Amino acid sequence: MDRLRGLAVLVMIEVHVTNALLAPGFRAGAAFRSLDFLNGLVAPSFLFCAGVAAGIKMHPLARDVRRSLVLLAFGYLLHLSGALRGDWAGVFQVDVLQVTALALMGVALVRRAPRAEGLLAAIAIALVALTPVMHAQDTRGWSAFARPYVNDAVTTQFPLFPWAAYVFAGAACARLPPKWLAIAGVASLAIGLTHVDAALRLGVVATFTAALSLLDARPLGKLDDLLSLFGRRSLLVYLAHIAIVYGTHPLSLRSLIGATLSPMACATVWLAVTASMALLAKRAPGNLSPDRSEESAGDFRREQASPRSG
């Protein structure tokens, strides 16, 4: 899982640099649409990996709840500056951290039920199926805290429907051998081609995860080191690069440069930010990754190498 999460971190930095700095004149054409689709796989990959890590090894419920609450707090702290401007809708907007936190809490509870894997899969399917219904709800009378979890009628990019589905799907697939994971991914792709966007993205992520797990024993040299480092320090890199690229302070890249750069200039900034994040991740003490991905990746490899127990 470290490789997939590390790759998602690498692309995540590119996504945010591109969104913040690419000039509007370059945001058209087939090349940008292809990049935009690739960029759209970053959040599903993070959420799927979080689900896999939660599905591999069961921890005490109190530990899982505590970690989820820490993630939830980080998610809101990122937008706390909005309170100084009176922008309470901005303070309560929901990002990937809040969705991950609540979904992981749900996974921790469901995993203690009989036939948990089937139940996790059913919840993932239900979250996708209910997405059109929930997005059509009029939430204007709801509290500013609750509305962003239901649909994107207010400032949010990650309502629970369908984004939490990726976490539950990852937990449901955590113990599948790569062959069956690939089959599940292809099946989800087929459903996604009928215009179910969440299923399409899930299919791509699951199939790619299966391919990576099959190649897991093959070293990739320095790239492997970078992906593993980013995979283990994903939360630290997420928080740090968001402050550098998107921060509301006057020294953020969005404030200093704005949407003025060419694709080549954006690529240069992406490499520079990536290098600084690699240095930070390597030098920072402790492990700020919320789901102990290094440990869970080893558990994932051992699960794939051993026969499934009934």
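As the structure is a computational prediction, the values presented were derived from the model and not from experiment.
- Distance alone, capped at 3.5 Å, places no donor-acceptor pair between the Arg33 side chain and the Ala28 backbone.
- No donor-acceptor distance shorter than 3.5 angstrom exists from the side chain of Arg201 to the backbone of Pro44, with no hydrogens or angles considered.
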Q.
Could you walk me through whether Val94 and Trp163 satisfy the side chain to side chain contact (heavy atoms under 4.5 Å, CB included) test, starting with their C-alpha distance in whole Å, then the side-chain angles of each, then the deciding distance to 0.1 Å, before giving a yes or no?
A. CA-CA 11 Å; Val94 171; Trp163 293 99; over 6 Å; no

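- Screening Gln98, Arg147, Met134, His135 for a side-chain contact (heavy atoms from CB on, under 4.5 Å) with Pro159, the sole residue that qualifies is His135.
- By the 30° and 60° cut-offs, the orientation of the rings of His241 relative to His16 is parallel.
- Between the side chain of Arg111 and the backbone N or O of Ala54 there is at least one donor-acceptor pair closer than 3.5 Å.
- To the nearest 0.5 Å, atoms CG (Leu253) and CG (Leu261) are separated by 9.0 Å.
- Scanning all heavy atoms of the two residues, the minimum distance from Arg27 to Ala259 falls at NH2-CB, 4.3 Å.
- Of the possible donor and acceptor atoms, none in the side chain of Arg5 sits under 3.5 Å from a partner among the backbone N and O of Arg232.
- Each of Val205, Val9, Leu41 was checked for a side-chain contact (heavy atoms from CB on, under 4.5 Å) with Phe46, and the lone residue meeting it is Val9.
- Val245 and Ala20 get closest at one heavy-atom pair: CG1-CB, 3.8 Å.
- Side-chain atoms of Ser262 come within 3.5 Å of backbone N or O of Ala265 as a donor-acceptor pair.
- Between Leu227 atom CG and Leu7 atom CG the span is 6.0 Å, to the nearest 0.5 Å.
- Scanning all heavy atoms of the two residues, the minimum distance from Ile244 to Met277 falls at CD1-CE, 3.4 Å.
- Cluster annotation: Leu280 is connected to Leu10 through the hydrophobic network of ILVMFWY side chains, with a link wherever side-chain heavy atoms come within less than 4.5 Å.
- A distance below 6.0 Å separates the ring centres of Phe145 and Tyr76.
- In this structure, Tyr166 and Leu127 have side chains that are not in contact, with every pair of non-hydrogen atoms separated by 4.5 Å or more.
- Atom CG of Asn39 sits about 7.0 Å away from atom CG of Asn19, to the nearest 0.5 Å.
- When all heavy atoms of Ala43 and Phe158 are compared, the pair lying nearest together is CB-CE2, 3.5 Å.
- With hydrogens and angles disregarded, no donor-acceptor distance shorter than 3.5 Å links the side chain of Arg112 to the backbone of Met58.
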Q. Stepwise, does the side chain to side chain contact (heavy atoms under 4.5 Å, CB included) test hold for Phe48 with Val167?
A. CA-CA 5 Å; Phe48 188 82; Val167 179; over 6 Å; no

(Q) As a quick check of understanding, evaluate side chain to side chain contact (heavy atoms under 4.5 Å, CB included) for Phe26 and Cys266, giving each step before the final call. (A) CA-CA 11 Å; Phe26 296 103; Cys266 276; over 6 Å; no

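- Looking at Leu71, Asp64, Val99 one by one, the single match for side-chain contact (heavy atoms from CB on, under 4.5 Å) with Leu104 turns out to be Leu71.
- Leu226 and Val15 fall within a single hydrophobic cluster, where Ile, Leu, Val, Met, Phe, Trp and Tyr are joined by side-chain heavy atoms under 4.5 Å apart, directly or via other members.
- Distance check, rounded to the nearest 0.5 Å: CG of Leu239 to CZ of Arg233 gives 12.5 Å.
- Note on Val11: it does not cluster hydrophobically with Leu229, by side-chain heavy-atom contacts below 4.5 Å among ILVMFWY residues.
- Of the possible donor and acceptor atoms, one in the side chain of Ser255 sits under 3.5 Å from a partner among the backbone N and O of His249.
- Using a 4.5 Å heavy-atom cutoff, the side chains of Asn151 and Thr139 are in contact.
- Hydrophobic clustering, with ILVMFWY side chains joined whenever heavy atoms are under 4.5 angstrom apart, groups Phe168 together with Leu130.
- Pro263 is listed as a side-chain neighbour of Leu22, based on a closest heavy-atom distance under 4.5 Å.
- Here the side chain of Thr100 pairs a donor or acceptor atom with the backbone of Val96 at under 3.5 angstrom.
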Q: Please assess Phe92 against Tyr149 for the test ring-ring contact (aromatic ring centres under 6.0 Å, His included), listing each intermediate value before the final yes or no.
A: CA-CA 10 Å; Phe92 291 123; Tyr149 286 104; 9.8 Å; no

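- The shortest non-hydrogen separation linking Ser252 to Ala243 is CB-O, 4.0 Å.
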Q: List the steps, then state whether side chain to side chain contact (heavy atoms under 4.5 Å, CB included) holds for Leu21 with Val269.
A: CA-CA 9 Å; Leu21 305 181; Val269 174; 3.8 Å; yes

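- Heavy-atom contacts from other residues, nucleotides or ligands closer than 6.0 Å to CZ of Arg115 number 12 or fewer.
- Of all heavy-atom pairs spanning Val107 and Ala171, the tightest one is CG1-CB, 3.7 Å.
- At least one donor-acceptor pair closer than 3.5 Å links the side chain of Asp138 to the backbone N or O of Arg140.
- Taking hydrophobic clusters as Ile, Leu, Val, Met, Phe, Trp and Tyr residues chained together by side-chain heavy-atom distances below 4.5 Å, Phe161 does not share a cluster with Ile125.
- Annotation: the span from Arg67 atom CZ to His59 atom NE2 amounts to 7.0 Å, rounded to 0.5 Å.
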